[in-house]
Amino acid sequence: NEELIHIVRPSVFSRVPAIVAGVSVLLIPYFFFFPLLAIGFIGTVVIAMCTIFGLYILCGQAIGWKGNLWIITTERLVELCQRGYFERKHSEVPWVTVADIAYCSLGLFSIFGLGSVRVRFHGVLPSMIMAPVRHPKKIYELLLEIKALPTHQPSASSTFTRHHLI
């Protein structure tokens, strides 16, 4: 009965410095291609190492961008967080545990229509923060609309009661 509503990915804007660094490391040895080849084996190793390191940086940024997302469904909010090549965190929370939703758009990010969205939960669960995202106000309004659905309001007959934490 659960339906997918929206998938939110962070903006590529926050990864621009690392992407520029990766492209620079990847391309710089090719501007000095013939002088490096004239050095011999060491020049070839420099070209190979710069190429490998540049590709490592670019692939890491692509994996990090593709692996970080929020999946918004009618029943729950899912966060997938990719850090590096091998570390992936998966969190999911039902809508009845959502206590507060907020968004913020400051400084340079607001010029480009970027901001952050934060979801706090009842109890001891940590907040979920997605930043920077495009159109944070629209995502905020979507989350508020889903949270306001009558099926997501805790009832007296609900088995999910943690009064000592609320």
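The structure presented is a predicted model; accordingly, all values stated were derived computationally and were not measured.
Within 6.0 Å of CZ on Phe53 lie no more than 12 heavy atoms contributed by other residues, nucleotides or ligands. More than 12 heavy atoms of other residues, nucleotides or ligands sit less than 6.0 Å from atom CD of Glu2. Heavy-atom contacts from other residues, nucleotides or ligands closer than 6.0 Å to CD1 of Ile42 number 12 or fewer.
Proximity of Glu3 to Thr73: side-chain heavy atoms (C-beta onward) are nowhere separated by under 4.5 Å. For the pair Lys66/Arg9, a side-chain contact is recorded, criterion being any heavy-atom separation below 4.5 Å from C-beta on. When side chains are defined from C-beta on, Leu55 counts as touching Leu26, because their heavy atoms get closer than 4.5 Å. Side-chain contact between Ile19 and Leu58: present, with at least one pair of heavy atoms (C-beta onward) separated by less than 4.5 Å. Annotation: side chain of Phe32 is not in contact with side chain of Val46 (no heavy-atom distance under 4.5 Å). Proximity of Asp100 to Val119: side-chain heavy atoms (C-beta onward) are nowhere separated by under 4.5 Å. Residues Cys81 and Arg83 are in side-chain contact: their nearest non-hydrogen atoms beyond the backbone lie under 4.5 Å apart. The side-chain heavy atoms of Leu69 and Val8, taken from C-beta on, include no pair separated by under 4.5 Å.
Hydrophobic clustering, with ILVMFWY side chains joined whenever heavy atoms are under 4.5 angstrom apart, groups Ile39 together with Phe31. The hydrophobic cluster containing Val45 does not contain Phe34, counting ILVMFWY residues as joined when their side-chain heavy atoms lie under 4.5 angstrom apart, directly or transitively. Hydrophobic clustering (side-chain heavy atoms under 4.5 Å, transitive across Ile, Leu, Val, Met, Phe, Trp, Tyr) keeps Val12 apart from Leu80. Ile146 and Ile7 fall into different hydrophobic clusters, where Ile, Leu, Val, Met, Phe, Trp and Tyr side chains are chained together by heavy-atom contacts under 4.5 Å. Note: the hydrophobic cluster containing Ile71 does not contain Ile63 (ILVMFWY, side chain heavy atoms under 4.5 Å, direct or indirect links).
How far CG of Leu142 is from CD1 of Ile101: 9.0 Å, rounded to the nearest 0.5 Å. Between atom NZ of residue Lys138 and atom NE2 of residue His6 there is a gap of 10.0 Å, rounded to the nearest 0.5 Å. To the nearest 0.5 Å, atoms CG (Leu114) and OG (Ser11) are separated by 4.5 Å. Interatomic distance, OH of Tyr140 versus SG of Cys104, reported as 12.5 Å (0.5 Å rounding). Interatomic distance, Ile129 CD1 to Glu79 CD, rounded to the nearest 0.5 Å: 9.0 Å. With rounding to the nearest 0.5 angstrom, the CZ atom of Arg88 is 5.0 Å from the CD atom of Gln82.
Here the shortest heavy-atom pairing between Arg76 and Glu92 reads NH1-OE2, 2.5 Å. The minimum heavy-atom distance between Ala131 and Ser116, with the atom names listed, is CB-CB, 3.4 Å. The nearest pair of heavy atoms linking Leu36 to Ile47 is CD1-CG1, 3.7 Å. Nearest heavy-atom pair, Arg120 versus Ser127, reported as atom, atom and distance to 0.1 Å: CG-OG, 3.1 Å. Ala18 approaches Ile57 most closely through the heavy-atom pair O-CG2, 3.5 Å. Across all non-hydrogen atoms, the minimal contact from Pro10 to Asn68 is CD-O, 3.0 Å.
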Item to complete: Would you sort out whether Leu77 and Trp70 count as a side chain to side chain contact (heavy atoms under 4.5 Å, CB included), showing the intermediate values?
Response: CA-CA 7 Å; Leu77 178 62; Trp70 276 5; 4.3 Å; yes
Worksheet entry | Intermediate values then yes/no, side chain to side chain contact (heavy atoms under 4.5 Å, CB included), Val93 and Met128 | CA-CA 10 Å; Val93 181; Met128 284 185 180; 3.8 Å; yes
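No donor-acceptor distance shorter than 3.5 angstrom exists from the side chain of Tyr103 to the backbone of Ile139, with no hydrogens or angles considered.
Contacts of Phe121 classified as ring-ring contact (aromatic ring centres under 6.0 Å, His included), with partners at least two apart in sequence or in another chain: none.
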